[in-house]
Amino acid sequence: MAARARRRDLAGPATEVARDLVGWTLAARSPQGVLRAMIVETEAYPPEDPASHAFGGPTPRNGSMFGRPGTLYVYVSYGIHHCCNVVTDRIDVGSAVLLRAAEPTRGIALMRARRGGVPDRDLCRGPGRLAAAFGLDRRHDGEDLVLGRTVWLERGTPPGRVVASPRVGIRRAVDRPWRFSVAGSPWVSSPRPVRGRASTPP
DNA sequence: CCATAGATCGGCT
DNA sequence: GCCGATCTATGGC
């Protein structure tokens with residue numbers, strides 16, 4: 001059924017992989033069952049990007065960003081939330097894609113339980129919410145999404161046009177349209193992409 | 001619908 | 001000390 005993401009699918013410039021990952025599925029196995037959600041929003045953080053955690057070189061926090069393509073990088077945001085990234089380039093490069101939002105497809109009951117009765121639309125709408133719904137945290141940092149049996153990716157096709165827009169919540173390099181999302185999807189986090197940036201909305 | 005405050009941790013980008 | 005790749009609750013229009 002679902003074809004797993006291969007190493008070569010995830011290897012390459014973050015801007016390209018970020019666009020490719022829209023429409024793919026993030027999957028995780030827990031004692032209570034398998035969770036799946038279709039990725040509808042990503043952001044690229046290439047190595048030369050001043051807004052990237054990897055910009056200043058490796059540290060204990062971002063070390064997994066410098067791993068192989070397909071490595072999972074999970075960091076703590078604002079001391080409370082967790083955010084999940086897919087490493088996309090060769091070892092020691094420091095390039096990743098932030099998973100920002102997804103449309104739940106399997107294990108929705110478990111996601112609802114974990115997310116405390118929020119509307120279904122908000123289960124995975126936002127990077128912190130996505131990590132919470134999947135139960136991912138710093139313990140999962142550095143896991144291999146290509147060979148991993150608890151967290152992995154499956155290839156897919158976007159359900160609509162993929163549009164580019166400026167990234168959310170950063171102050172440096174705001175001019176780079178490195179946020180990719182499914183145009184018009186209700187599962188995409190706000191602010192919604194501005195029309196007419198790099199692609200045309202429906 | 002929008003704006004704002006507070007939570008709470010690690011890096012200094 | 002300050003600020004961030006965030007989210008939630010609350011109060012106002």
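Naming: A, B, ... by sequence-line order, numbering from 1 per chain.
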Self-check item: Rounded distance in Å - NE2 (His53(A)) to P (dA5(C))
Solution: 5 Å

Quiz item: Does Arg167(A) make a cation-pi contact with Tyr45(A) (under 6.0 Å, within 45 degrees of the axis)?
Solution: yes

Self-check item: Arg114(A) atom CZ: more than 12 heavy-atom contacts under 6.0 Å
Solution: yes

Quiz item: With a non-hydrogen cut-off below 4.0 angstrom, is Phe55(A) in contact with a base, only sugar-phosphate, or nothing?
Solution: nothing

Exercise. Report the residue (Asp122(A) or Gly169(A)) whose heavy-atom-nearest nucleotide on DNA chain C is the more 5′ of the two.
Key: Gly169(A)

Self-check item: His81(A) NE2 to dT6(C) P, straight-line distance once rounded to whole Å
Solution: 9 Å

Quiz item: Is it true that Leu99(A) and Val151(A) fall in one hydrophobic cluster, defined by side-chain heavy atoms closer than 4.5 Å?
Solution: yes

Quiz item: Counting just side-chain N and O atoms, does Arg100(A) come under 4.0 Å of either OP1 or OP2 of dT6(C)?
Solution: yes

Practice problem: Map Val118(A) and Tyr45(A) onto DNA chain C by nearest heavy atom, then report which one ends up closer to the 5' terminus. | Solution: Tyr45(A)

Exercise. Report, as yes or no, whether the 6.0 Å neighbourhood of atom CZ on Arg138(A) holds more than 12 heavy atoms from other residues, nucleotides or ligands.
Key: yes

Practice problem: Give the rounded distance in Å between these two atoms: CD1 of Ile80(A) and P of dA5(C). | Solution: 15 Å

Exercise. Output the single nucleotide from dA5(C), dT8(C), dG4(C) whose closest atom is nearest the side chain of Arg129(A).
Key: dT8(C)

Exercise. Round to a whole Å and report the spacing from CZ of Arg125(A) to P of dT6(C).
Key: 14 Å

Quiz item: Rounding to a whole Å, what distance do you find between Glu43(A):CD and dG4(C):P?
Solution: 15 Å

Practice problem: State whether the side chain of Ser95(A) and the backbone N or O of Thr88(A) hold a donor-acceptor pair below 3.5 Å, judged by distance alone. | Solution: no

Quiz item: Would you say dT8(C) has OP1 or OP2 under 4.0 Å from some side-chain N or O of Arg115(A)?
Solution: yes

Exercise. For DNA chain C, just give me the dot-bracket, please: Watson-Crick or G-U, both distances below 3.5 Å, ( ) intra-strand, [ ] crossing earlier pairs, | paired with another strand, . unpaired.
Key: ||||.|||||||.

Self-check item: Distance, rounded to the nearest Å, where Arg179(A) contributes CZ and dA5(C) contributes P
Solution: 15 Å

Quiz item: Does one hydrophobic cluster hold both Leu26(A) and Leu110(A), with members joined at side-chain heavy-atom distances below 4.5 Å?
Solution: yes

Exercise. Scan Arg167(A) against the nucleic acid and name what it touches under 4.0 Å (heavy atoms): base, sugar-phosphate only, or nothing.
Key: nothing

Quiz item: Hey, where on DNA chain B does chain A first and last touch, going 5' to 3'? Cut-off is any atom under 4.0 Å from a heavy atom.
Solution: dA7(B) to dT13(B)

Quiz item: Should Val87(A) and Phe55(A) be counted in the same cluster of Ile, Leu, Val, Met, Phe, Trp and Tyr side chains packed under 4.5 Å apart?
Solution: no

Quiz prompt | Result of checking Cys84(A), Cys83(A), Ser189(A), Cys124(A) against Leu130(A) for side chain to side chain contact (heavy atoms under 4.5 Å, CB included) | solution = Cys124(A)

Quiz prompt | Nearest-angstrom distance from the residue atom CG of Asn62(A) to P of dA5(C) | solution = 13 Å

Practice problem: Test His82(A) against Tyr75(A) for ring pair (Phe, Tyr, Trp, His ring centres under 6.0 Å), laying out the working first. | Solution: CA-CA 6 Å; His82(A) 296 270; Tyr75(A) 71 92; 8.7 Å; no

